[in-house]
Amino acid sequence: MAKLNFGGVEENVVTREEFPLEKAQEVLKNEVVAVIGYGVQGPGQALNQKDNGINVIVGQRKNSKSWDKAVADGFVPGETLFEIEEALEKGTIICYLLSDAAQIEYWPKVKQHLTPGKALYFSHGFGITFSERTGIVPPADVDVFLVAPKGSGTSLRRMFLQDRGLNSSFAVYQDATGKARERVTALGIAIGSGYLFETDFKKEVYSDLAGERGTLMGAVQGIFAAQYDVLRKNGHSPSEAFNETVEELTQSLMPLVAENGMDWMYANCSTTAQRGALDWWKRFRDATSPLFEELYDNVAKGNEAQRSIDSNSKPDYREKLELELTELRESEMWKAGKTVRSLRPENN
Ligand SMILES: NC(=O)c1ccc[n+]([C@@H]2O[C@H](COP(=O)([O-])OP(=O)(O)OC[C@H]3O[C@@H](n4cnc5c(N)ncnc54)[C@H](O)[C@@H]3O)[C@@H](O)[C@H]2O)c1
Ligand SMILES: CC(C)(O)[C@@H](O)C(=O)O
Ligand SMILES: [Mg+2]
Ligand SMILES: [Mg+2]
């Protein structure tokens with residue numbers, strides 16, 4: 001593994017140079033990788049593995065939208081696409097990619113098919129870390145590990161098609177065969193990861209739940225809404241408020257941050273903007289820091305996991321989520337955003 005220096009701290013990272021695709025293919029040549037669930041991660045991971053020459057099958061409920069999607073994506077019923085139980089039986093590596101809540105419901109069936117030497121693969125530390133709540137306790141004679149792409153399954157697939165890789169975390173929880181590490185590394189490469197960063201199940205799930213509730217998804221919408229509302233209350237038009245809150249950030253400034261860091265983005269703005277941003281960022285940090293502390297604490301106590309289990313186990317959880325997404329979509333800010341986006345050349 002390559003040792004890289006991250007801001008003064010050395011960490012181990014698996015690179016594609018040291019573990020090329022050919023090595024992954026060799027490690028996995030006698031395995032049947034069963035991807036269970038074809039929602040968001042399922043398609044990205046299954047298609048990338050298929051294109052990488054891995055023997056991959058999909059397990060999904062028949063008569064579902066996801067089943068039809070798998071067929072449309074080229075998986076063949078009876079050959080590479082099966083009902084969940086059949087795929088569980090055929091697979092030697094079970095990639096458990098049902099939603100975290102659905103994993104609880106299906107666990108008794110999965111466990112039944114985890115015969116000695118098989119491997120159980122997750123893309124989240126959720127089920128194992130919160131096992132008192134999920135009931136997911138694997139038998140001792142199977143390998144248990146995770147590869148968690150740090151991004152959407154949609155991006156995993158898109159970046160693969162662009163010959164780029166999405167960074168993933170990986171962890172081994174249980175090594176029953178003595179081969180868990182090479183199996184998980186091979187899978188990490190095969191699903192289209194760029195680099196693999198080592199962690200453990202608990203660290204992965206705590207950081208992931210905090211991140212998505214925080215800056216990646218929850219906090220970003222919150223801070224957008226707060227600024228947009230203040231601008232609107234002070235008489236600015238929807239387009240002005242949206243451009244100054246979201247559009248400029250995603251189209252002009254975030255690409256600069258992505259390219260070369262925050263100081264680089266700042267340096268490409270006026271000295272007027274730099275003076276103000278350098279004065280104000282610490283106040284935003286200090287104002288939000290207690291909220292981030294509260295969030296992490298809730299994650300560590302298992303409250304966030306429980307909330308997710310409770311609400312996403314309800315029969316109508318999809319409709320309920322969709323209602324809340326619609327509320328966002330129908331808010332003035334995001335309706336203004338729709339019109340602003342329609343003006344981009346690629347949407348004209
Ligand atoms: N979505 C992402 O991009 C992403 C990123 C990193 C990690 N993960 C992790 O990957 C795993 C899969 O997440 P996802 O977002 O792809 O899941 P998802 O919510 O898209 O659901 C995956 C599949 O589960 C099926 N499913 C849901 N409820 C079911 C039930 N009761 N019975 C049978 N099937 C059911 C759905 O039909 C779908 O095919 C999770 O552990 C998640 O935390 C997801
Ligand atoms: C894509 C995310 C937010 O990184 C993932 O953690 C998820 O749960 O979907
Ligand atoms: Mg997550
Ligand atoms: Mg994540």
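Just so you know, these numbers use all the heavy atoms, side chains as well, and skip hydrogens, waters and symmetry mates. Order of listing sets the numbers, starting from 1, for every ligand and every atom in it.
Close N/O approach between Ser152 and ligand 2 is not found [any backbone or side-chain N/O within under 3.5 Å]. For the pair Asp208 and ligand 2, the shortest N or O to N or O distance falls below 3.5 Å.
Using a cut-off of 4.0 Å between Lys/Arg side-chain N and Asp/Glu carboxylate O, Glu240 and Arg232 are scored as not salt-bridged. A salt bridge is absent between Glu247 and Arg341; no separation between the charged side-chain nitrogens and carboxylate oxygens falls under 4.0 Å.
Contact detail for Arg329 and Lys335: the closest heavy-atom pair is O-CG, 3.4 Å.
The cationic group of Lys69 does not satisfy the cation-pi geometry with Tyr38, failing either the under 6.0 Å distance to the six-membered ring centre or the 45° limit from the ring axis.
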Using salt bridge (Lys or Arg N to Asp or Glu O under 4.0 Å), reason through Lys150 and Glu204 one step at a time and then give a plain yes or no.
CA-CA 10 Å; Lys150 293 290 116 181; Glu204 193 286 328; 2.8 Å; yes
Side chain to side chain contact (heavy atoms under 4.5 Å, CB included) for Val14 and Thr185? Distances and angles first, verdict last.
CA-CA 8 Å; Val14 178; Thr185 311; 3.6 Å; yes
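If you take OG on Ser308 and OH on Tyr317, they are separated by 10.5 Å, rounding to the nearest 0.5 Å.
Counting only heavy atoms of the protein, atom 9 (O) of ligand 2 lies nearest to Glu212 OE1, 4.6 Å.
Taking Lys320 as the reference, Asp316 meet the salt bridge (Lys or Arg N to Asp or Glu O under 4.0 Å) condition, with sequence neighbours excluded.
Near Gly151, meaning under 4.0 Å from any of its heavy atoms, are these atoms of ligand 2: 1 (C).
Within the 4.0 Å heavy-atom criterion, the part of Met217 lying near ligand 2 is the side chain and not the backbone.
For the Mg ion (ligand 4), protein N, O or S atoms under 2.8 Å: 1 in total.
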